[in-house]
Amino acid sequence: MNLIEYADRDMMAIDLANRLAGELTAVLQHQDRATLVVPGGTTPGAIFDNLCDVDLDWDRIDVVLSDERWLPQNHPRSNTRLIKKRLLTGQAAAARLIPLYAPMQHPEDAIPVLEAELSSCLPISVALLGMGGDMHTASLFPRGDNLRLALDPHAPLLVPMRAEGLDEQRITLSARVLRNALNLHIVITGEDKKEAVMRAEHLSPEEAPVKAVLDTATIHWAK
Ligand SMILES: O=C(O)[C@H](O)[C@@H](O)[C@H](O)[C@H](O)COP(=O)(O)O
């Protein structure tokens, strides 16, 4: 496992933002556009605050969430709301947001339309993922109703997900889409998540969904 430990969370946010920017710049040297995948949750905000003002060709970058809560985009728990506020601002406001939500009752209803736009910006150039203490990543949750489908090598691009304890239904990039990223990073903080990611190495993706991407990801950790 490729694990990088940082002196503190601020150093990690600065270094990781610069690393992601460098990878995006490298891709844009030989492609017209680059695709950046980012997570929601509470960890990546500081990274977004650093990344949004890096001098990049943001108008050539497509931004995609790794997963979304099935909520209106102005809802306090919406990941789209989070990245519009913290990432797609400053210089990064010029980036194109590829939606992972549509105002329909269930994610299943929206997947054909969402996949049509998403497919045009794959494969992923740079992906940043988070991880929960239960070893989920994106919305690939242990015991999730569609986890088996989301882990399948022939899975669709997007998979709806529901799991016990989730406040709302979710939609997620499937494991094969995440694994196909040219550059893949996972950012975690705290001792519990460090122990969890170590544990995940010895479990199956069904028990620890993050395992589906561990072999190709760089893990970034601060206490
Ligand atoms: O929708 C989400 O919440 C994220 O995409 C999710 O996969 C997140 O990365 C983990 O749950 C970790 O969340 P924290 O960073 O809040 O611990």
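One-based numbering, in listed order, for ligands and for the atoms of each.
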S.K.: Say you draw a straight line from OG1 of Thr80 to CD of Glu68; how long is it, rounded to the nearest 0.5 Å?
M.R.: 3.5 Å

S.K.: Please determine whether ring pair (Phe, Tyr, Trp, His ring centres under 6.0 Å) holds for the pair Tyr6 and Trp221, giving the CA-CA distance in whole Å, both sets of side-chain angles, and the decisive distance to 0.1 Å.
M.R.: CA-CA 6 Å; Tyr6 297 81; Trp221 177 80; 9.3 Å; no

S.K.: Does Met161 reach the side chain of Asp145, with side-chain heavy atoms less than 4.5 Å apart?
M.R.: yes

S.K.: Please determine whether side chain to side chain donor-acceptor pair (under 3.5 Å) holds for the pair Asp67 and Ser139, giving the CA-CA distance in whole Å, both sets of side-chain angles, and the decisive distance to 0.1 Å.
M.R.: CA-CA 6 Å; Asp67 61 313; Ser139 282; 2.6 Å; yes

S.K.: Does any non-hydrogen side-chain atom of Leu157 lie less than 4.5 Å from one of Arg176?
M.R.: yes

S.K.: Can you tell me which residues line ligand 1 if we count any heavy atom under 4.0 angstrom from one of its atoms, in chain and number order?
M.R.: Pro39, Gly40, Gly41, Thr42, Thr43, Ser66, Asp67, Arg69, Asn79, Gly130, Met131, His136, Ala138, Arg170, Lys193

S.K.: Do Glu23 and His185 pass the side chain to side chain donor-acceptor pair (under 3.5 Å) test, and can you show the C-alpha distance, the side-chain angles, and the key distance before you say yes or no?
M.R.: CA-CA 11 Å; Glu23 291 171 350; His185 304 272; 2.8 Å; yes

